Peer 1: 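Okay, here's the structure, questions in a sec.
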There are 2 protein chains.
Amino acid sequence: MATEPLTSLDRSTLRERALDALRYAVTSGQYRPGDHLGEVELAGRLGVSRGTVREALRHLQQEGLVTPSARGMLRVRAYTSTEIRELFQVRAALEGLAVRLIIASPQRDTAVTALRHAVARLDERHRDFIAHVDADMAFHLLLCELSGNSMLTTSWQQLAGRIRTTVMARGEEQTTLMSGGYHAPIVDAIEAGDAGTAVDVLQQHMERAAERLAA
Amino acid sequence: MATEPLTSLDRSTLRERALDALRYAVTSGQYRPGDHLGEVELAGRLGVSRGTVREALRHLQQEGLVTPSARGMLRVRAYTSTEIRELFQVRAALEGLAVRLIIASPQRDTAVTALRHAVARLDERHRDFIAHVDADMAFHLLLCELSGNSMLTTSWQQLAGRIRTTVMARGEEQTTLMSGGYHAPIVDAIEAGDAGTAVDVLQQHMERAAERLAA
DNA sequence: AATCTGTTGACTGTTGACAGTCGGCATCGG
DNA sequence: CCGATGCCGACTGTCAACAGTCAACAGATT
């Protein structure tokens, strides 16, 4: 009588689900920078035990989304203007490597078309702010993935949370930064195939974004 | 009757100490890649509870030193030759940024002298392998710190464990890689002040190291 | 009034125990 | 001989409870 063939079960642990929930809550601004994250309160709210929440919180701490204050209590981390600029410098270095690798790769064309799709999504979703941010993050993540360097992707993802909070916190008035028009030149430069110029274009993109977001 | 004035107490938690102990055990090769790290065994060996060990292990997992295998059991992660090359490409990108920042900084001279000291330490300690590796790591970490970009330092440190295991695992016959002679050119290039050349020198250093270690 | 001293409440740090899952072995039926 | 089934041991996942620490407050002592 089964209408659906049996599908594989969800094997995710409570810790993983708690982690996702908390990460989303923080990076979407549900908790503002400086807010206190009490283990007991979160555990109660999520319906899991303190230990489980603790592990998730420690993970977020390592991601830089949360920072310990007095007596080990965790707060949502606030990033200063300087740190934001630094963050985007590091991004530029990492994604710059990605660009150089993509240009040097034999599958540059397929990479370019994939990136163009990602750029198109940026404009499709520009009405819903969160979806827009997601699309922006997806573009840059794709850039890293297309480089074929898995360590690069890993390193970038370690910064992803910080990037997301920054954009979420200060980017609402700066949605132009995430428009397709601002990203297309990067792809164009990759297609053109001159590594030096492409890296420059990317660098400018990052500097402009950092300046606006660090305001 | 106190011969010493009272000094501040050690406030580190068991988790932190367990983390240090485990990280050292893994990065120093006490556990070899592929070895199974059972929570109960480690807890017994360290004399702490499983929960405490768990948190430390999760941290190492995020650092990339251990990786989950079947049924959530953790093993010491083994890095393939490809991953080692990728890792050193990312290092090169990050430390390349550091070099550019140092050159652009007004305190380049003091940075250079600090780096020269670090290079000197490399040769002082070349007899004890572990101390030698420590000195090498210290040099590159210092490079990041002198850049003044805290995010850069953070990102680099996320890779530190991976780098250390790689060097520890395959670097014993390749100690020349860590000699002062191999590092001095980097500092020289920074002192000379031409960013392009300096980054090239660093890149070569990294490529050479990667090639030897990925053998 | 100023200062020292318990006390209380709100946290995190740490632990031991319970529950669930899986691989491997023995067992049983063909 | 071979496959299915049921048990056993070794794990991790999860939880509830205990212990320790600190800030803030109230009260006692000068």
Side-chain angles (χ1 to χ4, degrees), chain A residues 6-26 30-78, chain B residues 6-26 30-78:
Chain A
L6 284 179
T7 163
S8 190
L9 297 175
D10 176 22
R11 305 278 301 177
S12 67
T13 66
L14 285 180
R15 170 174 46 87
E16 291 168 322
R17 277 176 273 178
L19 175 58
D20 288 341
L22 289 175
R23 186 191 287 117
Y24 181 78
V26 170
Q30 248 172 286
Y31 290 96
R32 309 293 305 177
D35 281 1
H36 170 213
L37 299 178
E39 296 176 358
V40 277
E41 184 200 331
L42 296 176
R45 203 174 289 240
L46 293 173
V48 297
S49 82
R50 260 187 65 214
T52 305
V53 169
R54 265 178 83 84
E55 293 188 17
L57 284 175
R58 289 271 121 74
H59 196 109
L60 292 184
Q61 183 179 348
Q62 226 172 329
E63 283 185 13
L65 295 188
V66 139
T67 190
S69 64
R71 269 164 301 160
M73 293 193 301
L74 294 176
R75 302 185 164 286
V76 176
R77 170 147 184 190
Chain B
L6 285 179
T7 161
S8 190
L9 296 175
D10 176 23
R11 306 276 302 176
S12 67
T13 66
L14 284 180
R15 169 174 47 85
E16 291 169 323
R17 277 175 273 177
L19 175 58
D20 288 341
L22 289 175
R23 186 192 286 119
Y24 181 78
V26 171
Q30 245 172 287
Y31 290 96
R32 309 291 306 176
D35 282 0
H36 170 219
L37 298 178
E39 297 175 357
V40 278
E41 184 201 332
L42 296 176
R45 204 174 288 241
L46 293 173
V48 298
S49 82
R50 258 187 68 215
T52 306
V53 168
R54 264 176 84 82
E55 292 188 17
L57 284 174
R58 289 271 121 73
H59 196 108
L60 292 184
Q61 183 179 349
Q62 224 171 332
E63 284 185 12
L65 295 188
V66 302
T67 189
S69 64
R71 270 167 300 164
M73 293 193 299
L74 295 176
R75 303 186 163 285
V76 176
R77 170 148 184 190

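Keep in mind the model is a prediction, meaning the values are calculated, not measured. Lettering of chains follows the sequences in order, A, B, ..., and the numbering in each one begins at 1.
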Peer 1: Toward the 5' end of DNA chain D, which comes first, A:Thr13 or A:Ala70, by nearest nucleotide?
Peer 2: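 Looking at DNA chain D, the more 5' nearest nucleotide goes with A:Thr13.
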
Peer 1: Show your reasoning for whether side-chain contact (heavy atoms from CB on, under 4.5 Å) applies to B:His59 and B:Arg15.
Peer 2: CA-CA 10 Å; B:His59 196 108; B:Arg15 169 174 47 85; 5.8 Å; no

Peer 1: In whole angstroms, how far is the P atom of C:dC22 from the CE atom of B:Met73?
Peer 2: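 For the pair B:Met73 CE and C:dC22 P, the rounded distance is 12 Å.
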
Peer 1: Report which part of the nucleic acid A:Gly51 touches: base, sugar-phosphate, or nothing (heavy-atom distance under 4.0 Å, all strands).
Peer 2: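 The residue A:Gly51 makes no contact with any strand.
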
Peer 1: Quiz question: going by heavy-atom distance under 3.5 Å, is there a donor-acceptor pair between the base of D:dG13 and the side chain of B:Arg50?
Peer 2: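 Yes, a donor-acceptor pair under 3.5 Å.
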
Peer 1: I want to check something: taking the side chain as every heavy atom from C-beta on, are B:Leu57 and B:Leu22 in contact at a cut-off of under 4.5 Å?
Peer 2: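 They are in contact (side-chain heavy atoms under 4.5 Å apart), so the answer is yes.
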
Peer 1: Mind calculating the distance between NE2 (B:His36) and P (D:dA10) to the nearest angstrom?
Peer 2: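 From B:His36 NE2 to D:dA10 P: 13 Å.
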
Peer 1: Specify the separation, in whole Å, of atom CZ of A:Arg15 and atom C1' of D:dC15.
Peer 2: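 Answer to the nearest Å: 15 Å.
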
Peer 1: Does D:dC22 have its OP1 or OP2 closer than 4.0 Å to a side-chain nitrogen or oxygen of B:Arg11?
Peer 2: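 For B:Arg11, the contact criterion (side-chain N or O under 4.0 Å from OP1 or OP2 of D:dC22) is met.
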
Peer 1: Checking A:Arg75 against A:Ser69: is there a side-chain donor and acceptor pair closer than 3.5 Å?
Peer 2: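 Indeed, the side chains of A:Ser69 and A:Arg75 share at least one donor-acceptor pair under 3.5 Å.
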
Peer 1: Taking OP1 and OP2 of C:dT15, is either one under 4.0 Å from a side-chain nitrogen or oxygen of B:Thr52?
Peer 2: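 So the side-chain polar atoms of B:Thr52 do come within 4.0 Å of the phosphate oxygens OP1 or OP2 of C:dT15, strictly under.
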
Peer 1: Please tell me which of A:Glu39 and B:Val48 maps to the more 5' nucleotide of DNA chain C, matching each residue to the nucleotide holding its nearest heavy atom.
Peer 2: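 First, find each residue's nearest nucleotide; the 5'-ward one identifies A:Glu39.
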
Peer 1: Given atom CD of A:Glu55 and atom C1' of C:dT12, what is their separation to the nearest angstrom?
Peer 2: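 Going from CD in A:Glu55 over to C1' in C:dT12 covers 15 Å.
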
Peer 1: Within this structure, what is the CG-to-P distance between B:Leu57 and D:dG13, rounded to whole angstrom?
Peer 2: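 Taking CG of B:Leu57 and P of D:dG13, I get 10 Å after rounding.
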
Peer 1: Let me know the distance between CD of B:Glu16 and P of C:dT14, rounded to the nearest Å.
Peer 2: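 After rounding, the gap between these two atoms is 8 Å.
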
Peer 1: If we ignore angles and hydrogens, is there a donor and acceptor under 3.5 Å between the side chains of B:Ser12 and B:Arg17?
Peer 2: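 Their side chains do contain a donor-acceptor pair, which is all the 3.5 Å distance test asks for.
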
Peer 1: How close or far is atom P of D:dG13 from atom CZ of A:Arg17, stated in whole angstroms?
Peer 2: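 The answer, rounded to whole Å, is 13 Å.
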
Peer 1: Any side-chain N or O of B:Arg54 below 4.0 angstrom from OP1/OP2 of D:dG13?
Peer 2: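 True: B:Arg54 side-chain N/O within range (under 4.0 Å) of D:dG13 OP1/OP2.
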
Peer 1: If you look at every strand shown and take non-hydrogen atoms under 4.0 Å, does B:Leu37 touch a base, only sugar-phosphate, or nothing?
Peer 2: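 Counting heavy atoms under 4.0 Å across all strands, the contact made by B:Leu37 is with sugar-phosphate only.
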
Peer 1: Any heavy-atom pair between the side chains of B:Leu42 and B:Tyr31 that's under 4.5 Å?
Peer 2: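 Sidechains of B:Leu42 and B:Tyr31: in contact.
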
Peer 1: Assuming nearest nucleotide by heavy-atom distance, tell me which of B:Arg58 and A:Arg71 is located more 5' along DNA chain D.
Peer 2: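 Nearest-nucleotide comparison on DNA chain D picks B:Arg58.
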
Peer 1: From C-beta outward on B:Leu14, which listed nucleotide comes closest to its side chain: C:dT14, C:dT12, C:dC22?
Peer 2: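 Per side-chain heavy atoms of B:Leu14, the pick is C:dT14.
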
